[in-house]
Number of protein chains: 2
Amino acid sequence: MSSQGFELPLRLLLAFRMLIDELHTELARQGHPDIRPMHGFVMQAIGPAGTTAVELGRTLGVSKQAAGKTIDTLERIGYVERSTDPHDTRRRVARLTPYGEDALDRSARIFDALRARWAGELGEERLQALESDLRRMTPDNLWRLDIPGWFGTL
Amino acid sequence: MSSQGFELPLRLLLAFRMLIDELHTELARQGHPDIRPMHGFVMQAIGPAGTTAVELGRTLGVSKQAAGKTIDTLERIGYVERSTDPHDTRRRVARLTPYGEDALDRSARIFDALRARWAGELGEERLQALESDLRRMTPDNLWRLDIPGWFGTL
DNA sequence: CTATATAGTGAACCAGGTTGTCTATCATGT
DNA sequence: ACATGATAGACAACCTGGTTCACTATATAG
């Protein structure tokens, strides 16, 4: 326990976990009780134009089968819907439903509010310094997170 | 994407993930190729006095069955061993093996080295400010992380 | 000595990941 | 025009790490 370095990763994880927990507590209150942390990432990755299982898998860094299963789940709970591409009948394009869009919109607003709370607690300058330092220590491409695959084998 | 608040949780997660990935790359090189990120948390939770499945489950916030399975895994790959408590023959106390202790020792040293790299990049003062800010925004009790249970339902 | 609480185990299940195999469809080169 | 190769999706079998329910064995209290 005398190791200095132990605290940093734990605090990073704890901070992340807190933000995500608060997000989902609030989302549940605002009519999205079934959404899971991962779904937010996935819906962001689906994007406004929609996507297929293969594309989504590439974006998220998981197999197309895993991406397909995740789309199945999101479809089941009403966040995405699939339609066949008339130009290529093999493709089944998944798009956000209005309910899915609503979840993303609310997530963005809730995250903004949480950030504002941090700014209120730490001061906007310190928070910007924190964000800048994290930006410096992490890769640029926020979108190659490989989140789902990574968590699975944790 | 115009939401300011989206970046903070992502950067926190990405930073955590980087540190953990680097830890495990280095652990693999130092003779611990089979250890998983979760195992480190669990071994910390087992502690020097050893623990039982029920206790471990309570500490980690998972069911005793899940804790038991995790101990099974750690036993199989040689990080813990079980013995029966002579005072209560129901209890099977799991303790770290020397190989398990070695993994924890090396983890501590590797985390220290990673923190030193951050200090070299950001400066010790900025890093301390970052740690202090994170400490301020997260709960005190580092050990009620509920890590395994939380990741499972992510 | 009986009744209740506790430790551990096993089984059935779920989510989300993997790989391998298969079909249907598209795209291309001769 | 057609054979060939690439791609999209689906299905199956499996892994890990969680869950709940049900059960046995042991300990402890009245």
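What you are looking at is a predicted structure, and each value in this text was computed from that prediction instead of being measured.
Rounded to an integer number of Å, the gap from CG of Asp85(B) to P of dT28(D) is 10 Å. For the pair Lys69(A) NZ and dC14(D) P, the interatomic distance rounds to 13 Å; values are reported in whole Å. What separates CD1 of Ile71(B) from P of dA7(C) is a distance of 13 Å, to the nearest Å. For the pair His39(A) NE2 and dG16(C) P, the interatomic distance rounds to 5 Å; values are reported in whole Å. Straight-line distance from the CG atom of Leu56(B) to the C1' atom of dG8(C): 14 Å, rounded to whole Å. As a whole-Å value, the separation of Lys64(B) NZ from dA5(C) P is 14 Å. Across the protein-nucleic acid pair, Asp34(A) atom CG and dC14(C) atom P stand 16 Å apart, rounded to whole Å. Following rounding to the nearest Å, Arg36(B) (CZ) and dC15(D) (P) show an atom-to-atom distance of 14 Å.
Side-chain proximity of Arg90(A) to dG16(C), dT19(D), dC26(C): nearest is dC26(C). For Arg91(B), the side-chain atoms get nearest to dA7(C) when compared with the rest of dA7(C), dG18(D), dA27(D). Among the nucleotides dG17(C), dT19(D), dG17(D), the one closest to any side-chain atom of Met38(A) is dG17(C). Nearest nucleotide to the Thr89(A) side chain, out of dC26(C), dA7(C), dG16(C): dC26(C).
Met137(B) and Leu130(B) fall within a single hydrophobic cluster, where Ile, Leu, Val, Met, Phe, Trp and Tyr are joined by side-chain heavy atoms under 4.5 Å apart, directly or via other members. Linking Ile, Leu, Val, Met, Phe, Trp and Tyr residues whenever their side-chain heavy atoms come within less than 4.5 Å leaves Leu74(B) and Val54(B) in two separate clusters.
Counting all heavy atoms, side chain and backbone alike, Ala129(B) lies closest to Arg126(A) at O-NH2, 3.6 Å.
Ring geometry for Tyr99(B) against Tyr79(B) counts as parallel: the plane angle stays under 30°, on a 0 to 90° scale with 60° as the upper cut.
Side chain of Asp85(B) to backbone of Arg91(B): no donor-acceptor contact under 3.5 angstrom is found. At least one donor-acceptor pair closer than 3.5 Å links the side chain of Asp112(B) to the backbone N or O of Gln4(A).
Contact annotation: Thr70(B) side-chain N/O to dG18(D) OP1/OP2 distance is under 4.0 Å. Between Thr73(A) and dA15(C), a side-chain N or O to OP1/OP2 separation shorter than 4.0 Å is absent. For the OP1/OP2 pair of dT7(D) and a distance below 4.0 Å, the side-chain nitrogens and oxygens of Arg58(A) include no atom meeting the criterion.
Taking 3.5 Å as the limit, the base of dG20(C) and the side chain of Gln65(A) contain a donor-acceptor pair of atoms between them.
Non-hydrogen atoms lying under 4.0 Å from DNA chain D are contributed by Thr52(A), Ala53(A), Val54(A), all within residues 47-54 of chain A.
Annotation: of the two residues near DNA chain D, Ala66(B) and Val93(A), the 5′-most nearest-nucleotide partner is Val93(A).
Phe16(A) and Phe16(B) have their aromatic ring centers separated by at least 6.0 angstrom.
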